[in-house]
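For reference, the structure is listed below as structure tokens.
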Amino acid sequence: MGRIRDIATQVIDTEANAILGLKHLLSDDFTKVVELILKSKGNVIISGIGKSANIAQKIVATLNSTGTTAVFMHAADAIHGDLGIIREDDIVFIISKSGETPEIKVLAPLIKIRNNKLVAIVGNINSFLAAEADYVLDVTVPHEACPNNLAPTASTTAQLVMGDALAMALLQCRGFSSEDFARSHPGGALGKRLYLRVGDLCVKNAVPMVKDTDIMTDVIMEISEKLLGATAVMKNDTMVGIITDGDLRRMLMKHTQIDIVRASDIMTSNPKTINRNDLVVNAFDIMQSNNITQLPVMDNGKYVGMIHLHDIIKEGII
């Protein structure tokens, strides 16, 4: 067991050192590439083969989700017809550890013939690919995490981190906001945290309410029927309080004659509320900080419904 943990620790250390080493390999080419992409009217095309192709796909996904349009092109498929993906203003990246694979040696000159700018993310700055490229992002690593120095491990991690650095530099230079991110991720939990409004959820619920003069039988029936564990208390069409099922339990411990107790006797006056146009994540923050599970929803000062913690959980936001 101890030996297995030692192996894992060694792998982590090797890859961590490889990543830290990238700081010393950054050159002016990194800045020039970012500026080139920001000025370009075309797309970013990223290619690779083998494990580098897998990394290329992930970098493409990160770029697309953070404001830079990118397309993956497999190096082997490129030289068998997929070069048609590339348009005049596109910037082409090729990712490779060695920079010497046969497919890369065919592909790189073809990119240059088309007059597209070529960026190499390469682990050998003395390679064929580095020589062909207009810009070189050096991802050389001292050693793979593989004990035989063969399986791509530290090298692919370095490629991935360089891609992340590129994406984040572009994101910040573009001023890509959380709202922009939400538009790219409307179906995920991250996106929902940034765009889902309270009104989108409370509209699905019943609108529990009782009058301040109602007796406990009416209150119990309303809370039970509306299935939200609480009800608003109204006076002349204005919400004056809230009663939760917890309030009912506490009332039953104090009163044996519930027919004489009115809603106004046990309600919480001036309860926490949320505007229907507020983000759902803000509603959750209020619930969490006040140890409550329901919030009355307001619209221009008027009570319009109730949002429950379970509504938020169902959306997968927390």
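Since this is a predicted model, take the numbers as computed values, not measurements. The figures that follow rest on heavy atoms only: side chains count, while hydrogens, waters and symmetry mates do not.
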Inset, instruction - If the plane angle is over 60° it's perpendicular, under 30° parallel, otherwise tilted; pick one for His74 and Phe72. - result: perpendicular

Legend entry - Results of side-chain contact (heavy atoms from CB on, under 4.5 Å) for Leu26 - residues two or more places apart only: Phe30, Met162

Inset, instruction - Check whether Met306 and Val203 end up in the same hydrophobic cluster, where Ile, Leu, Val, Met, Phe, Trp and Tyr are linked by side-chain heavy atoms less than 4.5 Å apart. - result: no

Inset, instruction - Flag the pair Val60 / Val71 as yes when at least one side-chain heavy-atom distance between them is below 4.5 Å, and no otherwise. - result: no

Inset, instruction - Could you tell me which non-hydrogen atom of Ala145 sits nearest to which non-hydrogen atom of Glu15, and how far apart they are? - result: CB-OE2, 4.0 Å

Inset, instruction - Would you check if the side chain of Ser40 reaches a backbone N or O of Asp89 as a donor-acceptor pair within less than 3.5 Å? - result: yes

Inset, instruction - List the atom of Pro271, the atom of Gly241, and the distance in Å for their closest heavy-atom pair. - result: CD-CA, 4.0 Å

Inset, instruction - Would you check, one step at a time, whether the test salt bridge (Lys or Arg N to Asp or Glu O under 4.0 Å) holds for Lys39 with Glu35? - result: CA-CA 6 Å; Lys39 294 175 182 177; Glu35 292 174 343; 5.3 Å; no

Legend entry - For the student: nearest non-hydrogen atoms of Arg262 and Asp212, plus distance: CB-O, 3.9 Å

Legend entry - Lys272 NZ: over 12 foreign heavy atoms closer than 6.0 Å: no

Legend entry - Exercise: identify the closest heavy-atom pair between Ile104 and Pro109: O-CD, 4.2 Å

Inset, instruction - Answer yes or no: is there a donor N or O on one side and an acceptor on the other, between the side chain of Asn17 and the main chain of Thr14, under 3.5 Å? - result: no

Inset, instruction - Check step by step if side-chain contact (heavy atoms from CB on, under 4.5 Å) holds for Asp218 and Ile215. - result: CA-CA 6 Å; Asp218 296 327; Ile215 61 175; 3.5 Å; yes

Inset, instruction - Could you tell me whether the side chain of Asp214 reaches within less than 4.5 Å of the side chain of Lys211, counting heavy atoms only? - result: yes

Legend entry - Thr153 side chain near Val11 side chain, heavy-atom distance below 4.5 Å: no

Legend entry - Derivation and outcome, salt bridge (Lys or Arg N to Asp or Glu O under 4.0 Å), residues Lys51 and Glu144: CA-CA 13 Å; Lys51 301 301 185 293; Glu144 297 286 9; over 6 Å; no

Legend entry - Donor-acceptor pair, side chain of Asn43 and main chain of Ile45, under 3.5 angstrom: no

Inset, instruction - Begin with the C-alpha distance, continue with both residues' side-chain angles, and end with the deciding distance and a verdict on side-chain contact (heavy atoms from CB on, under 4.5 Å) for Asn124 and Ser98. - result: CA-CA 6 Å; Asn124 178 6; Ser98 69; 5.5 Å; no

Inset, instruction - Check whether the side chains of Thr68 and Arg174 place a donor and an acceptor atom closer than 3.5 Å, and report yes or no. - result: yes

Legend entry - Same apolar cluster: Leu228 and Leu295, side chain cutoff 4.5 Å: no

Legend entry - Same apolar cluster: Val240 and Met298, side chain cutoff 4.5 Å: no

Legend entry - side-chain contact (heavy atoms from CB on, under 4.5 Å) assessment of Asp164 paired with Lys58: CA-CA 9 Å; Asp164 285 344; Lys58 195 279 177 185; 3.2 Å; yes

Legend entry - Non-hydrogen side-chain atoms of Val92 and Arg114 separated by less than 4.5 Å: no

Inset, instruction - Report the C-alpha separation of Val280 and Asp200 in whole Å, then their side-chain angles, then the decisive distance to 0.1 Å, and conclude whether the side-chain contact (heavy atoms from CB on, under 4.5 Å) test is met. - result: CA-CA 9 Å; Val280 169; Asp200 298 329; 5.9 Å; no

Inset, instruction - Taking Thr293 for its side chain and Leu309 for its backbone only, find out whether a donor-acceptor pair lies under 3.5 Å. - result: no

Legend entry - Any donor-acceptor N/O pair, Arg276 side chain to Val198 backbone, under 3.5 Å: no

Inset, instruction - Measure the shortest side-chain to side-chain distance between Ile86 and Ile111 over non-hydrogen atoms and say whether it is less than 4.5 angstrom. - result: yes

Inset, instruction - Using atom types as modelled and distance alone, determine if a side-chain donor or acceptor of Asn116 lies under 3.5 Å from a backbone N or O of Glu88. - result: yes

Inset, instruction - Examine Val207 and Leu201 and state if one hydrophobic cluster contains both, with Ile, Leu, Val, Met, Phe, Trp and Tyr joined whenever side-chain heavy atoms are less than 4.5 Å apart. - result: no

Inset, instruction - Report yes if some heavy atom in the side chain of Leu170 is under 4.5 Å from a heavy atom in the side chain of Thr66; otherwise report no. - result: no

Legend entry - Joint cluster assignment, Leu25 & Met168, ILVMFWY side-chain distance < 4.5 Å: no

Legend entry - Thr273 side chain to Pro296 backbone, donor-acceptor under 3.5 Å: no

Legend entry - Validation row: Met287, Ile307 side chains within 4.5 angstrom (heavy atoms): yes

Legend entry - Residues Asp247 and Thr244: side-chain donor-acceptor under 3.5 angstrom: yes

Inset, instruction - Indicate yes or no for a side-chain donor-acceptor contact from Asp29 to the backbone of Val136 under 3.5 Å, with no hydrogens or angles considered. - result: yes

Legend entry - Polar side chain donor-acceptor pair, Thr231 to Glu222, under 3.5 angstrom: no

Inset, instruction - Indicate yes or no for a side-chain donor-acceptor contact from Gln294 to the backbone of Gly229 under 3.5 Å, with no hydrogens or angles considered. - result: yes

Inset, instruction - Could you verify whether a donor N or O on one side chain and an acceptor N or O on the other, from Thr140 and Asp138, lie under 3.5 Å apart? - result: yes

Legend entry - Ile95 vs Ile59 side-chain heavy atoms within contact, under 4.5 Å: yes

Inset, instruction - Grab the two heavy atoms, one from Lys105 and one from Glu100, that are nearest each other, plus how far apart they are. - result: CE-OE1, 2.9 Å

Inset, instruction - Give a yes or no on whether the backbone of Ala70 and the side-chain of Asn64 come within a donor-acceptor separation of less than 3.5 Å. - result: yes

Inset, instruction - Locate the shortest heavy-atom distance separating Ala263 from Ile243; write the atom from each residue and the value. - result: O-CD1, 3.5 Å

